[in-house]
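What follows is one structure encoded as structure tokens, with my remarks underneath.
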Amino acid sequence: MFAELNAILNTSPDSFKQGEFILVSDRRADASFLVHHFLSFYLRAGCKVCFLGLAQSFSHYNAVSQRLGVSLTQAKEKGQLLFLEGLKESLDVLLGRTSDTGSRALDFLRDPAVGLRCLYEFVQASVSDSGDGGEGGGGPPVLLVDDLTVLLSLGVSVGSVLDFSHYCHATVCSQLKGNMVMLVRCEGEEDEDEDGDEEGSERLLKGLTHQCSLTLHVQGLPTGFCRDIHGQVEVCWRKTQKDKPPNQKKLFQYKVHDKGASFFARGTSSAVL
């Protein structure tokens, strides 16, 4: 959990907005550090977290979280964290391996006609019982997804992913007053033509931007590589937030450390002006 980022967003584990959809995206940079931040943030806040880990293994997330002072293993044992290990489960499905303990969340890999209905039902069941178990039932439920573009690479259409996000938003944010954090990766240039390889992720990013209340877009420095600054993040409060001006934006440069991250208002770092 990054204290400087909390200050920028005017939030803390003891006091944060409910019903928020936070969209994290990156281009020519790696925004994974923000996923780890929000995971540790909401676990410290006492929320029950449904984490769709589609990009990395549980051991990876747990190793990073331990450096941030949070044990995902303990959170799972307490019932505060429900983790879907997408890499393992998708591999089991694709190789035809079955397991009595496996979920049906990734049934779209067996039958594309099913779409993401089973994945949504998995999320719905996970967040709906957030108040009945474990030591993490005091806060609102949270859905965290790393990352949605993996679904595109598995053959899911942009429209299906947007529908999935819409239904999750209606359940988690609107109905249960919980929060969502989703990551989308856009590796190509922003002005790439319609025939480019990144068309799907670009369309997905634009569609999700209309649904969310806060965006954090991470990108490389326009001046190129810098040893002391790893990139920049644009924070945009969407017009859905009543206490902020419509689409207010702020730009910060950042550097990720082993156990945290530093943020600088653009032009205030001695490394990059």
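These values consider heavy atoms only, across backbone and side chains, with no hydrogens, waters or symmetry-generated copies. Here the structure is a predicted model, which means the values were calculated and not measured.
Under the 4.5 Å side-chain criterion, counting only non-hydrogen atoms from C-beta, L143 is in contact with V145. Counting heavy atoms from C-beta on, the side chains of L205 and R27 come closer than 4.5 Å. A heavy-atom distance below 4.5 Å is found between the side chains of L5 and L216. Taking the side chain as every heavy atom from C-beta outward, L109 and L154 approach each other to under 4.5 Å. Between V235 and L9, the closest side-chain pair of non-hydrogen atoms falls below 4.5 Å. H36 has its side chain within reach of H60: a pair of non-hydrogen atoms, C-beta onward, lies under 4.5 Å apart. Inter-residue side-chain proximity for L151 and S153 is flagged as unmet; no heavy-atom pair is nearer than 4.5 Å. Using a 4.5 Å heavy-atom cutoff, the side chains of D26 and V184 are not in contact.
Side chain of N179 to main chain of E20: a donor-acceptor pair is present (N/O by atom type, distance under 3.5 Å, no hydrogens or angles). Between the side chain of E4 and the backbone N or O of S262 there is no donor-acceptor pair closer than 3.5 Å. Of the possible donor and acceptor atoms, none in the side chain of S128 sits under 3.5 Å from a partner among the backbone N and O of A125. With N6 contributing its side chain and S12 its backbone, the two residues share no donor-acceptor pair below 3.5 Å. The closest donor-acceptor contact from the side chain of S90 to the backbone of L87 lies under 3.5 Å.
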Using side chain to side chain contact (heavy atoms under 4.5 Å, CB included), reason through F33 and V64 one step at a time and then give a plain yes or no. CA-CA 9 Å; F33 69 99; V64 177; over 6 Å; no
Test side chain to side chain contact (heavy atoms under 4.5 Å, CB included) on L39 and V70; report intermediate values, then the result. CA-CA 9 Å; L39 177 58; V70 174; over 6 Å; no
Dump the intermediate steps for side chain to side chain contact (heavy atoms under 4.5 Å, CB included) on L84 and F51, then the final yes or no. CA-CA 6 Å; L84 175 69; F51 186 12; over 6 Å; no
Assess whether side chain to side chain contact (heavy atoms under 4.5 Å, CB included) is satisfied between T149 and L54, documenting all intermediate values. CA-CA 9 Å; T149 42; L54 306 177; over 6 Å; no
Ring pair (Phe, Tyr, Trp, His ring centres under 6.0 Å) between F164 and Y120: does it pass, once the steps are laid out? CA-CA 6 Å; F164 168 74; Y120 166 70; 7.1 Å; no
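Between E89 and R104 there is no salt bridge, since no side-chain nitrogen of the basic residue lies less than 4.0 Å from a carboxylate oxygen of the acidic one.
With a 6.0 Å cutoff to the six-membered ring centre and a 45° limit on the axis angle, K48 does not count as a cation-pi contact of Y42.
Residues R185 and S32 come closest through the heavy atom pair NH2-OG, 2.8 Å. Shortest non-hydrogen contact noted between L116 and S160 is CD1-O, 3.7 Å. Of all non-hydrogen atoms in L68 and R44, the two that sit nearest each other are O-NH2, 2.8 Å. Between S126 and L82, the shortest heavy-atom distance links the atoms OG-CD1, 3.4 Å. The two atoms that bring F21 and H169 nearest to each other are CB-CD2, 3.6 Å, heavy atoms only. Closest approach of C168 to V123, counting heavy atoms only: SG-CG1, 4.2 Å.
Between the side chains of T73 and S71, no donor-acceptor pair is found at a separation under 3.5 Å. Between the side chains of E85 and S57, no donor-acceptor pair of N or O atoms lies under 3.5 Å. Looking only at atom types and distance, the side chain of D146 has a donor-acceptor partner in the side chain of Y61 under 3.5 Å away.
When the shell of 6.0 Å around CZ of F16 is examined, it contains more than 12 heavy atoms from other residues, nucleotides or ligands.
Rounding to the nearest 0.5 Å places CZ of F83 at 10.5 Å from SG of C50. The line from CG of L214 to CG of L23 is 9.0 Å long, rounded to the nearest 0.5 Å. From R117, atom CZ reaches atom CG of D111 across 9.0 Å, with rounding to the nearest 0.5 Å. Taken to the nearest 0.5 Å, the NE2 atom of H166 stands 9.5 Å off from the OG1 atom of T171. Between T215 atom OG1 and I22 atom CD1 the span is 10.5 Å, to the nearest 0.5 Å. Once rounded to the nearest 0.5 Å, the distance linking CZ of F122 with CG of D107 reads 12.5 Å.
Results of the side chain to side chain contact (heavy atoms under 4.5 Å, CB included) test with L144 over L81, V181, L52, V24 single out V181 as the only residue that passes. Only one option out of E234, H217, Q219 pairs with S25 in a side-chain hydrogen bond (donor to acceptor under 3.5 Å, both in side chains); it is H217.
Taking the six-membered ring where the residue is Trp, the centroids of F263 and F252 are separated by 6.0 Å or more. The six-membered or imidazole ring of H257 lies away from that of H230, with a centre-to-centre distance of 6.0 Å or more.
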